[in-house]
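What follows is a set of notes on a single structure, which appears directly below.
No hydrogens, no waters, no symmetry mates; every other heavy atom, side chains included, goes into these values. To find a chain, count down the sequence lines: A is the first, B the second, and so on, and within it residues start at 1. This structure is a prediction, so every number in the text was calculated from the model and none was measured.
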Amino acid sequence: MNRETTRDDHTHCDPEVLALAALGERTDIDTEHLGVCDRCQADLASLRRIVRITRSDDATDITSPAPSVWEAISTQISAESTVENSAENSAGVKATVNAGTKQDALNGEHPVDDLADQRTQTGRHQMPAGPTGDDSGVVVPLRRRTAPWLAAAAAVGVVLGGAGTVAWTQSTDPQSTIVAQTSLQPLPGFTSTGVARVQTTATGDAVTVDLKGLPATDGYYEVWLLTEDGSAMVSLGAVGSTETSTLPLPPGIALDRFRIVDISAEEFDGDPTHSTISVARGDLQA
Amino acid sequence: MSAQPDRRRDHDDSTSGRDFATALAAGDGDAAFEEVYRRWSPLVHSVARRALGDGHEADDLTQRVFISAWRSRNSYDPAAGSLPGWLITITRRRIADRWAERTRDRSTPDSDPPDGATGAGLDGVVDRLVIADELARLGEPPGQIMRLALYEELTHTEIAERLDLPLGTVKSHIRRSLNRLRTRWEVIHDEPGNDSR
């Protein structure tokens, strides 16, 4: 295993020894061969460059954008796709998007400020924009709403868009109003994404879940509302893996407490408890 | 429970430029673009954060970069360069735009970009972050082995003792991982518009 069998010339330097030498280890590298072989010299030099880059003093933290960034991009590109292909409009677009605002925001010099100004001017709710305090580079533009947010929002028909880009939304059902929503982000090991929306309707509150990228399963997927620390949870019901599902909310549930929408992978094992395998999750109050 | 899912590790290198171009041609660009975003937005965000010095601005810049990428997606040619290289080129342009805006807005001496924020100074930042991004994807134990070798500068013998692994295993991981980092670095530098630096 010390030599690559694909090499036709076994007199070249051992690639493992070259790697160790590039890291600065004292090795028994064949210096005689190295001195005359352009290929081995180039190999060693390019590996040394990688080592030198990684060992430079500068911090190399990899940071992820806030979840709201993808929501904003996704909203923008679907709006542009809709314009590009207006034939698709007949399929029904659920969200009525203030495209002008988004466009201005994207092209403007202070897009986040513009959105904040717009929101403040409407008097609907404040958006204290800014870093969250940790140094992760993650920014949450919309922070927690005040306590009676659900009732207040419902009363004026306001949408609490996670990305701060959806100014006003009405579902296709004129009797229902979306009062909270969150994007569902994949947990490690999964790629499923989606959106969960809380709606008030004439017959009570419900959560509509749109999911995509769920792996095929012999079991099923289940929607839960969890408290932030996971100490309590409520099952809302099973969902299909592709279509949009609407599940009724237990009347009186405190969504400021049960704020995490969680999608779990379940087996047909007769066990009603959470399988502990969560595939995607979102925070209704983030 | 409320922690952000670590997206760095759940999207591996399935999103190659060729796959993306193929998906676009097949009219399946939306899903492919989201995969591209999941895979590469941390690198774009990290470069933006170093260049602009602020996570909030980096979020905004990441948004601009991927909107730009989406709008010019049909001009992306995998034969001309790698997908991450293309995204980095767009990132550098949007960073330059942003610094031009800042300079115009403030017209004060301290609004000039510091070293490492634009141009050639940004090259080193990009290099380091590209490799850090790849290093974060190595999985375990290769990731741990490489952190000990690169940052703590332990020898392979010391690493084998520390992790209780056979010497041959450690050497083999070091060779493969270092080659993988090199390949990633080379792929990123194989980008369309690289000559416009």
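- If you measure heavy-atom distances from A:R26 to chain B, you find no contacts under 4.5 Å at all.
- Taking all atoms of both residues into account, the shortest heavy-atom contact from A:A19 to B:R175 is CB-CA, 3.9 Å.
- With a 4.5 Å cut-off on side-chain heavy atoms, B:W70 and A:I73 do not count as touching.
- Remark: A:S64 OG to B:L43 CG distance equals 11.0 Å, nearest 0.5 Å.
- The shortest non-hydrogen separation linking B:R38 to A:T193 is NH2-CG2, 3.6 Å.
- Looking at B:D127 and A:R52, no side-chain N of the basic residue comes within less than 4.0 Å of a carboxylate O on the acidic one, giving no salt bridge.
- Between the A:R55 side chain and the B:L150 main chain, a donor and an acceptor come within less than 3.5 Å of each other.
- One N or O on the side chain of B:S46 and one on the backbone of A:T63 form a donor-acceptor pair closer than 3.5 Å.
- In terms of heavy atoms, A:L20 sits closest to B:I174 at CD2-CD1, 3.9 Å.
- In this structure, A:D61 CG and B:R49 CZ are separated by 6.5 Å, a value rounded to the nearest 0.5 Å.
- Within the 4.5 Å cutoff, side-chain heavy atoms of A:V69 are placed close to those of B:Y37.
- For B:I131, the part sitting under 4.5 Å from any heavy atom of chain A is the side chain, from C-beta outward, and nothing else.
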Before you tell me yes or no, could you show the steps for B:Q63 and A:Q76 under side chain to side chain contact (heavy atoms under 4.5 Å, CB included), namely the whole-Å CA-CA distance, both residues' side-chain angles and the distance that decides it to 0.1 Å? CA-CA 10 Å; B:Q63 182 173 333; A:Q76 173 75 14; 6.0 Å; no
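- Of the atoms belonging to A:A280, not a single heavy atom falls under 4.5 Å from chain B.
- Residues B:T155 and A:L23 fail the side-chain proximity criterion, which asks for heavy atoms closer than 4.5 Å.
- Looking at B:L61, there are no atoms closer than 4.5 Å to chain A (heavy atoms on both sides), in backbone or side chain.
- Residues B:S172 and A:E16 are in side-chain contact: their nearest non-hydrogen atoms beyond the backbone lie under 4.5 Å apart.
- Checked by atom type and distance alone, the side chain of B:D59 never pairs as donor or acceptor with a backbone atom of A:P65 at under 3.5 Å.
- A side-chain donor-acceptor contact under 3.5 Å links A:E25 to the backbone of B:H156.
- When side chains are defined from C-beta on, A:S74 does not count as touching B:E34, because their heavy atoms never get closer than 4.5 Å.
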If you apply the rule side chain to side chain contact (heavy atoms under 4.5 Å, CB included), what do you find for A:T54 with B:R128, and how did you get there? CA-CA 6 Å; A:T54 56; B:R128 284 191 291 280; over 6 Å; no
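- B:R182 has its side chain within reach of A:L47: a pair of non-hydrogen atoms, C-beta onward, lies under 4.5 Å apart.
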